[in-house]
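The next block holds one structure in the form of structure tokens; read it before the comments.
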Amino acid sequence: MVMEIQRPRGTRDFLPYEMARRRNVENRLRKVAKHWGYGEIKTPTFEHIELFTIKSGEGILGEIYNFKDKGEREIALRPELTAPVVRMYVEELQRSPKPLKFYYFDNCFRYERPQKGRFREFFQFGVEIIGSARPESEAEVIALAVEMLNSAGVKGDLHVGHLGIVRALFKDIQPEHQSKIMRLVDKKDDKGLEEFLDEIRAPDEMRGKLFRLIGLRGINAVHEARELAGDIEAIAQFETLLSLLDVYGMEYTVDLGIARGLDYYTGMVFEIYCEGLGAQNQVCGGGSYRLAQLFGGEDTPSTGYAIGFDRIMEICEVAPQASKRIVVVSFDDTRKEAVVIGNKLRAHVPTYVDVMGRKFKDQISYANTIGASHVVIVGKNELDAGKVALKDMRTGEQELVTVEEVAERLKLD
RNA sequence: GCCUGGGUGGGGUAGCUGGUCAUCCUAUGGGACUGUGGAUCCUACGACUCGGGUUCAAAUCCCGACCCGGGCCCCA
């Protein structure tokens, strides 16, 4: 008795139909990224674990898939792709012309409890723009994210915030306390936040401003934020960003309560939410960050985001691209000719030739079962005329043509 | 990590107040119809997630593990 081996928890097999859907959506996203001038990159599936432990934040740590390799190195399967991209930049691209614009589509790994829209191996389609701290690049990145989602037929709610504004309030507090505060803000855990502020004896004035600030929403938020935080650089930049988003024609909600789970964000942050995903309603998240310095490079501002590809697949209604395919059917005395003809047709259109030793009728029946659009009949009668019979499976009509004509008519665009 | 619902052939199901050989549909292989598909008929294949426990007897009751779904947390 052998044990049946199952796939590990939180992983998936993708069958042909689902893969066709995924490729379809993937190609749409790629096309948009390409047209906006972003170049595809690929980084290793695993990295040294420090790359992710340095600055990704507590949240990520417990979720990392890690192991020691045979050379005793601590290795981690990547839980996300921003850190690897910045590592790559520091390692080999610091002296290239700015800004650098990259996109990637790859699998990531997190040890979490699987749920709807959440897996242990999942796919992110992401974008990073490196070398610009300007609101122009932030606006472009956000617009690109929305455009990509649109291309997949996904409509989401865009929320935009700015960590620099909130952080300016407590710039005198220790960094560890700051990130703890941001986490509480992110969770919208007002009670926990109050308790923590008590604990570190935060000044009353700051507390009041903080609570009002993170509650700010909508168009007047910037104006009110200025009254609360003063006329600081971050607000001016945020204001410019918002006006640029207007230029792009974006619809958005200002939300200064966005904090994000990864600790490396420093400026603009945004999230896009969608219906129909249960608890995992976020399909895209990103912002501006500074990571290069941490990885031994020069301080370099960057902006990026990642789209939860699997979540998009969950809600978008994209079907696989209709695939043409034909079946070559033959008789016992024409099987070899059928192989030759099948080979010619394969250069132009997906072609099936019987490999089951089936009889003529069953071959046609099979063609019907797999939804072939056409059948090419290779029989003695047809061959004697130097032709084959092309049968349209939908109409049932059939005509005598040459192999070249079949190729010409059915070839892929 | 926490709370909650659930696991019967490849897919979908009946049985689940313990008791013939576990039901039916579908899919798949083979066959009949013998150079023209979807139908029909015959046939083959194939399951109680795993491990303990209770019992004369467990798919059925109990416990645990594993896996799946939903929620919390976190995040994409």
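Chain letters run A, B, ... following the sequence lines, proteins first, then strands; residues in each count from 1. Predicted model only: the values in this text are computed from it and were never measured.
Side-chain rings of A:Y289 and A:Y264 approach one another, their centers coming within less than 6.0 Å. Checked against the 6.0 Å centroid criterion, the rings of A:F309 and A:F125 do not qualify as a close aromatic pair.
For residues 377-392 of chain A, no residue pair satisfies the side chain to side chain donor-acceptor pair (under 3.5 Å) rule, not counting sequence neighbours.
Between A:R12 and A:E18 there is no salt bridge, since no side-chain nitrogen of the basic residue lies less than 4.0 Å from a carboxylate oxygen of the acidic one. Looking at A:R7 and A:E121, no side-chain N of the basic residue comes within less than 4.0 Å of a carboxylate O on the acidic one, giving no salt bridge. With respect to A:R30 and A:E26, a salt bridge is recorded, a charged nitrogen being found less than 4.0 Å from a carboxylate O.
Taking atom C1' in both B:rG38 and B:rU17, one finds a spacing of 46 Å when rounded to whole Å. Between B:rU13 and B:rC73, the two P atoms lie 32 Å apart (nearest whole Å).
The separation between A:D106 atom CG and B:rA76 atom C1' is 14 Å, rounded to whole Å. Here the P atom of nucleotide B:rC75 and the CD atom of A:E80 are 12 Å apart, to the nearest Å. Rounded to whole Å, the distance from CZ on A:F52 to P on B:rC75 is 17 Å. Atom CG of A:D354 and atom P of B:rG29 are 11 Å apart (whole Å).
Residue contacts for A:C108: at a heavy-atom cut-off of 4.0 Å it reaches no nucleic acid atom on any strand shown. Among the heavy atoms of the strands, none lies under 4.0 Å from A:G357.
Taking every heavy atom of residues 328-338 of chain A and every atom of RNA chain B, pairs under 4.0 Å involve A:F331, by number. Listed in residue order, the members of residues 358-397 of chain A having a heavy atom less than 4.0 Å from RNA chain B are A:R358, A:K359, A:F360, A:K361, A:I364, A:S365, A:N368, A:T369, A:I377, A:G379, A:K380, A:N381, A:E382, A:K391, A:M393, A:G396. Heavy-atom distances under 4.0 Å link RNA chain B to A:E112, A:R113, A:Q115, A:K116, A:G117, A:R118, A:F119 of residues 111-121 of chain A, given in residue order.
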Would you list the atom pairs, donor with acceptor, under 3.5 Å between side chains in residues 355-368 of chain A and any protein atom, with sequence neighbours excluded?
residue, atom, partner, partner atom, Å
A:Q363, OE1, A:S330, N, 3.0
A:Q363, NE2, A:S330, O, 3.1
A:Q363, NE2, A:R358, O, 2.8

Under 3.5 Å, sequence neighbours excluded: what are the donor-acceptor pairs made by side chains of residues 145-153 of chain A?
residue, atom, partner, partner atom, Å
A:S151, OG, A:M148, O, 2.6

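Residue side chain A:F122 meets the stacking definition with respect to B:rA76: its ring centre sits within less than 5.5 angstrom of the base's six-membered ring centre, and the planes differ by less than 30 degrees.
Contact of the A:V376 side chain with the A:L390 side chain is registered, since non-hydrogen atoms from C-beta on lie closer than 4.5 Å.
Regarding contacts with the backbone of B:rC68, a side-chain N or O of A:R9 is found under 4.0 angstrom from either OP1 or OP2.
Each of A:T303, A:L144, A:I307 was evaluated against A:V127; a single residue qualifies, A:L144, per the side chain to side chain contact (heavy atoms under 4.5 Å, CB included) test.
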